[in-house]
Trainee: 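The structure follows.
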Amino acid sequence: MTYKNFTVETDADGIALVTWNMPDKSMNVFTVEVMDEIEAIVDATVADEAVKGVVFTSGKAAFSGGADLTMIKGMFSMLHEEKVKDPANAVQKLFDAAGRMSWLWRKIETNGKPWVSAINGTCMGGAFELSLACHGRVASNAKSVKLALPEVKVGIFPGAGGTQRVSRLTNAQDALQMMTTGQTLTPQRAKAMNLVHQVVEPDQLITAAKQMIKDGLKPVAPWDEKGFKAPGGGIWTPASAQLWPAAPAILRRETAGNYPAALAILKCVYEGLQVPFDTGLRIEQRYFTQIVQTTEAFSMIRSLFISLQELGKGARRPAGQPKSNLSKIGVVGAGFMGASIAYVTAAAGLPVVLIDRDMEAANKGKSVAEGLVTGAIGKGKMTKEAGEKLLSLITPTEDYGSLSDADLVIEAVFEDRDVKKAVIEKVEAVLAEGAIFASNTSTLPITGLAKNSKRPEDFIGVHFFSPVEKMMLTEVIVGEQTGDKALAVALDYVSMIKKTPIVVNDTRGFFVNRCVFRYINEAYDMLIEGVPAVMIENAAKMAGMPVGPLSLNDEVAVDLSQKIMKASIADLGAEAVVPEHMSLINKMVDELDRRGRKNGKGFYDYPAKPLKKSLWPGLKDLYPQQKPADVDVTVLKQRLLVTIALEAARTVEEGIVTDPREADVGSILGFGFAPYTGGALSYIDGMGVKVFVELCERLAKTYGSHFAPTPLLKDMAAKGETFYGRFDPYGAVKTAA
Ligand code: NAD
């Protein structure tokens, strides 16, 4: 029998080697077709008497990335279409679809012949669950091999037996920790947790897997044997009596109750360990069906799985532009940002010329890359050879002439219009025709900067976030005259350095910083109202933000906020900044010298290690304090999220952001907007625009007109629209007006 996605070769010992290698994909993923073929392979190998056992592996560098986008999209559209017609039947269909993989893996487990999974590369989600259903698991010890059940990160959980098998193979505490955080395991860690049986050299993988079968591997899972007991003895033991009462409290501390899927994992394990295995699978299938219907699951899968991949693959790339052939990149300004931009560029294998005002400054920039390489080698994340190769690609120089054959030049010099103007002119004097110039400015509109250029169609913004080597987002800013080629080159470059781009039109602060300033400004308002600072920070965390607004302000520097506020007043007039905010920040910077983490004091105090940072007690004396009992934390949480979501909606209304996927993904990757919401616009869509508008109106009455809903929102509320409906990323984009 032949298969589209698999080859099956049976050797003289009767061991069938099943190799998964999807012809039209770079990564093996589960589709309905793949599952059908796996089922056919199970049936065929069971029926074939010559087959004594099966080794299942991948023909690609990675084992598998898990489920396919289209399958997940299909499941959601089926749910929505059926729900309209017949809600009860829709849930039944979802339940059946959710169980397909689970019961297929169970079929492998109980087929009567031994199966061994030979894990040759990254093995995620459903693929790891398939492996767990095999009777033996051998993993290669190659650095690229990573194992994980990361579903919780996109709002669902391992629903193909993962919760039941992991908790029967390893102790409940490790099982919960691994699944509720979506932790990635090395093969060695997976072996220590009893999740794989052997870790071998890559070239020994198939031999070792076959040997397990030859050695008489029993085709029966431990839990199908009589007298099976889960590690630690199951639920009714003294050790479990320590773990289980604390587990929901620990989860709540970590997630503030915002992630229903994480709680469902606890329920599946707790309930599943008390019943026979098949009943446990059924419990898991029921919770999975429930979780898939939550707004959190829908929004997180859409933004963090589907949109993230679509944007990464160039969803916003202009049509008709040939793929750029980038062979040399220039970075001008080897300071804080430029040095790291050179590093990530070289890490993608691209030669970089790193220019500064003199050789000393350029070399200093390269030394930053050297430090990053040394750190990565120290942590075992990079080999010495790869580090040397990377550094050999960065050429520090003061000579602009070396930019003559660069395909793209990124400018990261001082945030000063005159300095940038001089640099643009110097670069353009040598730059080849057709090469692109990008500015990493964080505050200066691109259209204005492009006025210094003789070729504004080749001028674009590529805005990185710090720390560049860690932040996954890059904002690509299209000026009024920026051409399609510049956009295509910028997007191709961002894709080469493995970051996710969002394309935004030109505006002061672009998308991310506009939203971040709203978040921080709301905290200023709260401080001025006398809300205790600790409540502000805690409310932010309870709302799902990774960093409180005051802590965030310390990280970006309080004096930078002052600089930006002063620039806004100079450019736009006094009304551009709330006067009380300006006085608060002037007092912090000019009177108190509290500039943020960089000088050891800001809204927080930063004592020497090992002491931890803590809120500066003097904040209490700045404004008359409200009693904590008089402050409604729910309202604080709403204010912090709503102010950001409103700003995101304004950027759509102004035509700055044209695709809701970009606002959502940008808000999560850029500043960690409560990921369980799916991002700033999904937060609005998730509660419904009408409800959001009413919430804004209530907040505006008490906390100021900056909460007033915009005309677009009111119009959408009246028409019952959503952002993804009105600005459908897959259909014709309608106008904001
Ligand atoms: P920085 O002061 O650390 O570095 C600027 C570098 O530019 C210095 O090394 C300086 O010597 C060099 N330089 C100045 N004039 C030059 C010239 N004429 N020719 C060549 N080199 C010159 O500043 P930074 O924080 O790296 O910021 C650089 C740019 O990146 C700014 O536009 C800033 O707005 C933007 N940015 C900064 C951040 C951040 O977090 N710091 C984030 C995003 C964007």
Side-chain angles (χ1 to χ4, degrees), residues 256-258 514-545 547-553 561 565 568 574-585 587-588 603 615 619-653 667 671 673-674 677 680-718:
N258 289 324
R514 273 180 66 160
C515 294
V516 168
F517 289 138
R518 287 286 176 183
Y519 180 52
I520 292 175
N521 281 353
E522 201 55 32
Y524 295 164
D525 274 352
M526 291 174 180
L527 275 180
I528 293 164
E529 290 162 22
V531 175
V534 66
M535 290 189 79
I536 303 173
E537 296 291 89
N538 284 343
K541 299 230 179 80
M542 288 163 75
M545 300 297 289
V547 183
L550 301 175
S551 176
L552 183 63
N553 201 171
S561 295
M565 287 157 95
S568 300
E575 61 282 3
V577 172
V578 177
E580 291 82 1
H581 292 180
M582 193 73 249
S583 354
L584 165 64
I585 296 311
K587 185 167 187 132
M588 288 289 286
F603 291 103
L615 277 159
L619 283 174
K620 288 195 204 70
D621 306 321
L622 293 183
Y623 303 97
Q625 296 289 286
Q626 295 188 45
K627 287 201 199 80
D630 294 342
V631 180
D632 186 339
V633 176
T634 305
V635 175
L636 296 185
K637 283 161 60 180
Q638 286 169 339
R639 287 171 65 182
L640 291 168
L641 296 189
V642 168
T643 193
I644 298 173
L646 255 172
E647 190 65 14
R650 284 186 201 104
T651 63
V652 175
E653 189 154 5
S667 65
F671 51 95
F673 185 87
T677 63
L681 294 183
S682 283
Y683 171 67
I684 304 178
D685 275 2
M687 76 172 80
V689 178
K690 190 163 171 282
V691 175
F692 182 75
V693 164
E694 287 160 7
L695 177 57
C696 290
E697 280 163 350
R698 276 201 306 280
L699 292 174
K701 261 191 208 140
T702 317
Y703 302 104
S705 59
H706 62 290
F707 278 114
T710 65
L712 170 69
L713 284 164
K714 286 190 194 164
D715 185 51
M716 288 172 66

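Along the sequence shown, the residues carry numbers beginning at 1. Just so it is clear, the model here is predicted, and its values are computed rather than measured.
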Trainee: Quick one: CG on L552 to CD1 on I520, what's the gap to the nearest 0.5 Å?
Mentor: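 So the gap between those two atoms works out to 4.5 Å.
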Trainee: Quick one: does any side-chain atom of T677 pair with a main-chain N or O of F673 as donor and acceptor, under 3.5 Å?
Mentor: no
Trainee: Pairs of donor and acceptor atoms involving the side chains of residues 620-628, under 3.5 Å and at least two apart or interchain, shall be tabulated with distances.
Mentor:
| from | atom 1 | to | atom 2 | distance (Å) |
| --- | --- | --- | --- | --- |
| Q625 | NE2 | Y623 | O | 3.0 |
| Q626 | NE2 | E529 | O | 3.0 |

Trainee: Give me the atom names and distance for the closest heavy-atom approach of A539 to V633.
Mentor: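 Result for this residue pair: CB-CG1, 4.2 Å.
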Trainee: Could you tell me the separation between the NZ atom of K714 and the SG atom of C696, rounded to the nearest 0.5 Å?
Mentor: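 The SG atom of C696 is 10.5 Å from NZ of K714, to the nearest 0.5 Å.
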Trainee: To the closest 0.5 Å, what do you measure between CZ (R639) and CD1 (I536)?
Mentor: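 These two atoms lie 8.5 Å from each other.
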Trainee: Looking at G548, is its backbone amide N or carbonyl O close enough to the side chain of S551 to form a donor-acceptor pair, meaning the two atoms are under 3.5 Å apart?
Mentor: no
Trainee: Could you pull out all donor-acceptor pairs under 3.5 Å where a side-chain atom in residues 699-710 meets a protein atom, sequence neighbours excluded?
Mentor:
| from | atom 1 | to | atom 2 | distance (Å) |
| --- | --- | --- | --- | --- |
| H706 | NE2 | E522 | OE1 | 2.8 |
| T710 | OG1 | E653 | OE1 | 2.7 |
| T710 | OG1 | L713 | N | 3.4 |

Trainee: Is there a side-chain contact between N521 and V578 in this structure, where contact means two heavy atoms from C-beta onward sitting under 4.5 Å apart?
Mentor: no
Trainee: Side chains of R698 and L695: does their closest heavy-atom pair fall under 4.5 Å?
Mentor: yes
Trainee: What pair of heavy atoms forms the shortest contact from Q638 to Y683, and how long is it?
Mentor: O-OH, 4.4 Å
Trainee: Kindly indicate, with the supporting measurements, whether the criterion salt bridge (charged side-chain N to carboxylate O under 4.0 Å, His left out) is fulfilled by K690 and E694.
Mentor: CA-CA 6 Å; K690 190 163 171 282; E694 287 160 7; 3.5 Å; yes
Trainee: Can you find a heavy atom in the side chain of L584 that is under 4.5 Å from one in the side chain of M588?
Mentor: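 When only atoms from C-beta onward are counted, M588 and L584 do touch, with a gap below 4.5 Å.
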Trainee: Considering all heavy atoms of both residues, which atom of P532 and which atom of V631 are nearest to each other, and what is their separation?
Mentor: CD-CG2, 4.3 Å
Trainee: Which pair of non-hydrogen atoms, one from Y519 and one from A540, has the smallest distance, and what is that distance?
Mentor: OH-CB, 3.3 Å
Trainee: Any side-chain heavy atom of M542 sitting closer than 4.5 Å to one from N258?
Mentor: no
Trainee: Any chance you could measure S568, atom OG, to M582, atom CE, to the nearest 0.5 Å?
Mentor: 9.5 Å
Trainee: Are any of the side-chain heavy atoms of V547 and F671 separated by less than 4.5 Å?
Mentor: no
Trainee: Is there a side-chain contact (heavy atoms from CB on, under 4.5 Å) between L646 and R518 once you walk through the steps?
Mentor: CA-CA 9 Å; L646 255 172; R518 287 286 176 183; over 6 Å; no
Trainee: Drop me the distance from F517's CZ to T643's OG1, to the nearest 0.5 angstrom.
Mentor: 13.0 Å
Trainee: Quick one: closest heavy-atom pair of A533 and L527, and the distance?
Mentor: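 That closest heavy-atom pairing would be CB-CD2, 4.1 Å.
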Trainee: Atom CD of E580 and atom CG of D525: how far apart are they, to the nearest 0.5 Å?
Mentor: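 Here the interatomic distance stands at 8.5 Å.
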Trainee: Looking only at non-hydrogen atoms, find the nearest pair between I684 and A645 and report the distance.
Mentor: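 Looking at all heavy atoms of both residues, the closest pair is CD1-O, 3.7 Å.
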Trainee: Under 3.5 Å, is there a donor-acceptor pair between the S561 and N553 side chains?
Mentor: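 There is such a pair (donor and acceptor under 3.5 Å, judged by atom type) between the side chains of S561 and N553.
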Trainee: Does some side-chain heavy atom of M535 sit less than 4.5 Å from a side-chain heavy atom of M526?
Mentor: no
